[in-house]
Peer 1: 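Take this structure, written in structure tokens, and hold onto it; I'll ask about it next.
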Amino acid sequence: QPPSIHDFLLQTALFKRLTGSMCNAITGQKDGQATLEMLERANLFIVPLDEQRRWYRYHHLFADLLRQRLHQTQPDRIPSLHLRASEWFEQNGFIDEAIDQALLAGDSPRAAGLIAREANGVWKRGEDSKLRGWLDSLPLELVYKNSQFCVYLAWSLLADGELDEAEKALQAAERTFESYSDSAVEMAARERNQSPDTYRRTLRGRIATTRAFAAFYSGEFPELFQYSSSALEILPEEELSWRSTAAHFLGDAYFFQGDMVQAYQYRAEAVEASRATGNSYVNMIANLKLALILRHHGQLRQAMELCEKQMAIATDNGMAQTVVAGWLLAIWGDVLAEINDLAGARLKEQKSAERLQLEGDLAMIGSSYLNLIRIFFSCGDLAHVREAEYIAYARLLIAHEQLDEAAALLARLLGPAQSYG
């Protein structure tokens, strides 16, 4: 092939998929689509990704060879190629790929700006691992200069049980928020089509909600009540996902106090707020919290019907194999055990255990194990009660009341002296 084709191949080999205008932006040429079609006709290890021949990719081994050659012969060009691709992806609405390419280019400020635009939507969709991956790819000092980033990082760290690091991120969020000048607040608010007052309330409310999450993990229930109540007072009405989260934390506070009436009220409020968001993930969590209240009220039929409905929604939305589905199945199995359907409870327990092998929110996994312990207890399965309780104590940071209940169930089978508590 002529040198122009060699150069085209090397410059475009970095990317998982290619289209004509993208190639033009990367190479500075004007015949990207024609070149891609010519390469296909010449059988040069290129594969069309759609019937219209808009998108292509190189054969993986060929792409590896080209990238190796590029690193050997023109390593200084690589960052600029990634940056051009990032700009093209942004202009064409592929923000996730624009972020990835900015990170590969080593342009952290550009990546941070793109992440700031996408972070709230990603969080609302329950894509915590994606957001955490982006934040982990940025320099920590850059993350700590953005209060929103600090909140999301703290949330992810709490979900992983890293309480000390989460506290550092929360302190950075509060410190940075207090240092924002009026002009900085006005600029950030304008980017989000908010008033400065709404922006401040939004950020303060999110910090308070995350503080409530931290209090839940550490078993500080007065603080759980304080921060969740404060968040609901501060958060703007349109912050439905965060209001739903704050409401179910307040429901948790009342639940742990034994006030099931108030717990039900706030968990029902969380369901309504999450339903309005259209976010299946947040709505499922709110509904499962409500199912736990129904179970404790002895409204077992209603709890089971709610679990059935949520599993249908999870299946329709591609969440049937996730950790949240594992939690759902654990609650469902616990309800079946209560009505003495031990075979059905066992089946749900087995499916739940499969999903809980995945990574996820440790509070969710901890709650699941508590429900599994109840199932094992109802079935008289001593060995599995001990195993599940050991996992809860050794690996999970779940509420002390939950651990106490697990220990009490084991004590009823073994006698108190042999429990793990």
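Only a predicted model underlies this, so the values are computations on that prediction, with no experimental measurement involved.
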Peer 1: Per the salt bridge (Lys or Arg N to Asp or Glu O under 4.0 Å) rule, what does the pair list look like for residues 305-329, sequence neighbours excluded?
Peer 2: none

Peer 1: Anything under 30° is parallel, anything over 60° is perpendicular, the rest tilted; go ahead and classify W123 against W155.
Peer 2: perpendicular

Peer 1: Determine, step by step, whether Y152 and T210 satisfy the side-chain hydrogen bond (donor to acceptor under 3.5 Å, both in side chains) criterion, reporting the C-alpha distance in whole Å, the side-chain angles of both residues, the deciding distance to 0.1 Å, and the verdict.
Peer 2: CA-CA 9 Å; Y152 294 125; T210 311; over 6 Å; no

Peer 1: Between S86 and R110, does the side-chain hydrogen bond (donor to acceptor under 3.5 Å, both in side chains) criterion hold? Intermediate values first, please.
Peer 2: CA-CA 9 Å; S86 176; R110 171 176 173 76; 2.9 Å; yes

Peer 1: Just jot down the side chain to side chain donor-acceptor pair (under 3.5 Å) partners of Q262, sequence neighbours excluded, or say none.
Peer 2: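 Per chain and number, Q262 pairs via side chain to side chain donor-acceptor pair (under 3.5 Å) with no residue.
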
Peer 1: Which residues pass the side chain to side chain contact (heavy atoms under 4.5 Å, CB included) test with S108, not counting sequence neighbours?
Peer 2: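 Applying side chain to side chain contact (heavy atoms under 4.5 Å, CB included) to S108 gives L138, P139, L142.
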
Peer 1: Hey, could you give me each pair passing side-chain hydrogen bond (donor to acceptor under 3.5 Å, both in side chains) that has a residue in residues 131-142? Not counting sequence neighbours.
Peer 2: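 Checked against side-chain hydrogen bond (donor to acceptor under 3.5 Å, both in side chains) - neighbours excluded - the pairs reaching residues 131-142 are D100-W134, R132-D136, R132-S156, R132-D160.
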
Peer 1: List for me each residue that meets salt bridge (Lys or Arg N to Asp or Glu O under 4.0 Å) alongside R200, sequence neighbours excluded, and say none if there are none.
Peer 2: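 Salt bridge (Lys or Arg N to Asp or Glu O under 4.0 Å) list for R200, sorted by chain: D182.
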
Peer 1: Determine, for K168 against E162, whether the closest basic-nitrogen to carboxylate-oxygen distance falls under 4.0 angstrom.
Peer 2: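 No.
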
Peer 1: Is the distance between the ring centroids of F221 and F225 under 6.0 Å?
Peer 2: no

Peer 1: Without hydrogens or angle criteria, can the side chains of E167 and Q171 be said to hold a donor-acceptor pair below 3.5 Å?
Peer 2: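 Short answer, yes.
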
Peer 1: Which residues pass the salt bridge (Lys or Arg N to Asp or Glu O under 4.0 Å) test with R117, sequence neighbours left out?
Peer 2: E90

Peer 1: What pairs with A42 under side chain to side chain contact (heavy atoms under 4.5 Å, CB included), at least two apart in sequence or on another chain?
Peer 2: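 Listed in chain order: M38, L44.
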
Peer 1: Once salt bridge (Lys or Arg N to Asp or Glu O under 4.0 Å) is applied, do any residues pair with R67, and if so which ones, sequence neighbours excluded?
Peer 2: D64

Peer 1: Classify the ring geometry between F45 and F62 as parallel (under 30°), tilted (30 to 60°) or perpendicular (over 60°).
Peer 2: tilted

Peer 1: Inspect the surroundings of CZ in R17 and state if more than 12 heavy atoms from other residues, nucleotides or ligands are less than 6.0 Å away.
Peer 2: yes

Peer 1: Can we say K130 and D96 salt-bridge, meaning some charged N sits less than 4.0 Å from an Asp/Glu carboxylate O?
Peer 2: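 Salt bridge flag = yes for D96 with K130.
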
Peer 1: Answer whether the closest heavy-atom distance between the side chains of C307 and I331 falls below 4.5 Å.
Peer 2: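 SC-SC contact between C307 and I331 confirmed.
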
Peer 1: By the ring pair (Phe, Tyr, Trp, His ring centres under 6.0 Å) test, which pairs, at least two apart or in different chains, include something from residues 1-36?
Peer 2: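 Residue pairs with at least one partner in residues 1-36: F15-H82.
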
Peer 1: Sequence neighbours left out, what pairs pass side-chain hydrogen bond (donor to acceptor under 3.5 Å, both in side chains) with at least one residue falling in residues 226-254?
Peer 2: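 Every pair satisfying side-chain hydrogen bond (donor to acceptor under 3.5 Å, both in side chains) with a residue in residues 226-254: R206-E239, D252-R267, D252-K289.
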
Peer 1: Would you please classify the geometry between the Y264 ring and the H297 ring as parallel, tilted or perpendicular, with 30° and 60° separating the classes?
Peer 2: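 H297 vs Y264 ring planes: parallel.
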
Peer 1: With sequence neighbours excluded, give me every ring pair (Phe, Tyr, Trp, His ring centres under 6.0 Å) pair touching residues 163-201.
Peer 2: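 Passing the test, one end in residues 163-201: no pairs.
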
Peer 1: Any pair with a residue in residues 21-44 that passes salt bridge (Lys or Arg N to Asp or Glu O under 4.0 Å), sequence neighbours left out, goes on the list, sorted by first then second residue, please.
Peer 2: E40-R53

Peer 1: Is E272 salt-bridged to R275, cutoff N-O under 4.0 Å?
Peer 2: yes

